[in-house]
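Here's the structure we're looking at; comments come further down.
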Amino acid sequence: MLELRPTYEHCNKALPPNSTEAMICSFECTFCKGCADDVLENVCPNCGGGFTPRPIRPKNNLKDENFLGESPATDKITYKPVDTKEHQAFAKEIKTIPPEER
């Protein structure tokens with residue numbers, strides 16, 4: 001189950017569980033769409049993978065207690081601002097490779 005982190009990893013802006021702006025990699029590194037596209041160029045600074053929209057957990061109990069009330073978002077903040085110059089050097093070669101081929 002996803003943690004549903006309370007802030008974005010790079011810019012540390014508040015991130016509500018129902019945000020449609022949250023982007024994650026396969027390790028659940030979480031960035032806003034602006035940072036994922038404009039700063040990171042669809043290259044996760046932690047693993048080199050690409051990003052996909054984070055799913056939204058239902059706020060209401062629609063089936064079998066699988067909802068925010070039973071499985072709330074975490075309150076643990078993961079704030080690790082990216083060194084943009086270092087990331088540009090890291091992403092330079094791989095950003096042109098589609099994530100599914102990296």
Side-chain angles (χ1 to χ4, degrees):
M1 170 175 47
L2 296 174
E3 284 185 323
L4 300 181
R5 297 175 181 172
T7 63
Y8 296 109
E9 194 167 313
H10 175 67
C11 62
N12 207 34
K13 288 190 286 187
L15 171 56
N18 65 344
S19 175
T20 58
E21 293 296 309
M23 303 296 287
I24 61 173
C25 76
S26 67
F27 289 97
E28 203 178 342
C29 302
T30 306
F31 297 90
C32 69
K33 184 152 181 48
C35 286
D37 292 343
D38 302 333
V39 177
L40 305 174
E41 301 178 282
N42 198 32
V43 176
C44 177
N46 302 311
C47 70
F51 296 104
T52 192
R54 183 182 76 177
I56 295 174
R57 187 168 300 149
K59 65 180 177 179
N60 299 308
N61 183 16
L62 303 174
K63 186 175 181 185
D64 299 331
E65 302 296 319
N66 294 313
F67 73 114
L68 275 171
E70 186 64 31
S71 301
T74 185
D75 58 359
K76 178 184 164 217
I77 293 173
T78 302
Y79 178 50
K80 297 181 349 186
V82 176
D83 178 319
T84 55
K85 288 185 181 180
E86 184 179 300
H87 182 71
Q88 286 174 348
F90 169 66
K92 183 179 180 181
E93 300 297 322
I94 62 175
K95 69 182 179 183
T96 59
I97 302 168
E100 65 274 14
E101 295 177 17
R102 290 185 197 153

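From a predicted model like this one, the values you see are computed outputs, not experimental measurements. Along the sequence shown, the residues carry numbers beginning at 1. Basis for what follows: all heavy atoms, side chains included, without hydrogens, waters or symmetry-related copies.
Within 6.0 Å of CD on Glu100 lie more than 12 heavy atoms contributed by other residues, nucleotides or ligands.
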Which side-chain N or O atoms in residues 51-63 pair as donor and acceptor under 3.5 Å with protein atoms at least two apart or in another chain?
from: Arg54; atom 1: NH2; to: Pro16; atom 2: O; distance (Å): 3.2
from: Arg54; atom 1: NH2; to: Pro17; atom 2: O; distance (Å): 3.4
from: Arg57; atom 1: NH1; to: Ser71; atom 2: O; distance (Å): 2.8
from: Arg57; atom 1: NH2; to: Leu2; atom 2: O; distance (Å): 2.7
from: Asn61; atom 1: OD1; to: Glu65; atom 2: N; distance (Å): 3.0
from: Asn61; atom 1: ND2; to: Glu65; atom 2: OE2; distance (Å): 2.9

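Clustering ILVMFWY residues whenever any of their side-chain heavy atoms sit less than 4.5 angstrom apart, transitively, puts Met23 in the very cluster that holds Val82. Residues Leu4 and Ile24 share a hydrophobic cluster, clusters being chains of Ile/Leu/Val/Met/Phe/Trp/Tyr side chains in contact below 4.5 Å.
Across all non-hydrogen atoms, the minimal contact from Cys25 to Cys44 is SG-SG, 3.8 Å. Between Gly48 and Phe90, the closest heavy-atom pair is CA-CZ, 3.8 Å.
From Phe31, atom CZ reaches atom OG1 of Thr7 across 10.5 Å, with rounding to the nearest 0.5 Å. Atoms CD and CG, on Glu70 and Leu68 in that order, are 11.0 Å from each other to the nearest 0.5 Å. Here Asp83 contributes atom CG and His10 contributes atom NE2; the two are 9.5 Å apart, rounded to the nearest 0.5 Å. Here the straight-line distance linking atom CG of Asn66 with atom CE of Met1 works out to 8.5 Å at 0.5 Å rounding. In this structure, the separation between CD on Glu9 and SG on Cys35 is 10.5 Å, given to the nearest 0.5 Å. We find the OG1-CG distance between Thr84 and Asp38 to be 12.5 Å, quoted to the nearest 0.5 Å.
Evaluated for a side chain to side chain donor-acceptor pair (under 3.5 Å) with Glu41, the options His87, Lys95, Gln88 yield exactly one hit, Lys95.
In this view, Asp75 satisfies the side chain to side chain contact (heavy atoms under 4.5 Å, CB included) rule with no residue, not counting sequence neighbours.
Val43 has its side chain within reach of Arg102: a pair of non-hydrogen atoms, C-beta onward, lies under 4.5 Å apart. Between Phe27 and Asn46 the shortest side-chain heavy-atom distance does not fall below 4.5 Å. For the pair Cys32/Cys11, a side-chain contact is recorded, criterion being any heavy-atom separation below 4.5 Å from C-beta on.
Listed by first then second residue, pairs satisfying side-chain hydrogen bond (donor to acceptor under 3.5 Å, both in side chains) with a partner in residues 25-34 read Lys33-Asp37, not counting sequence neighbours.
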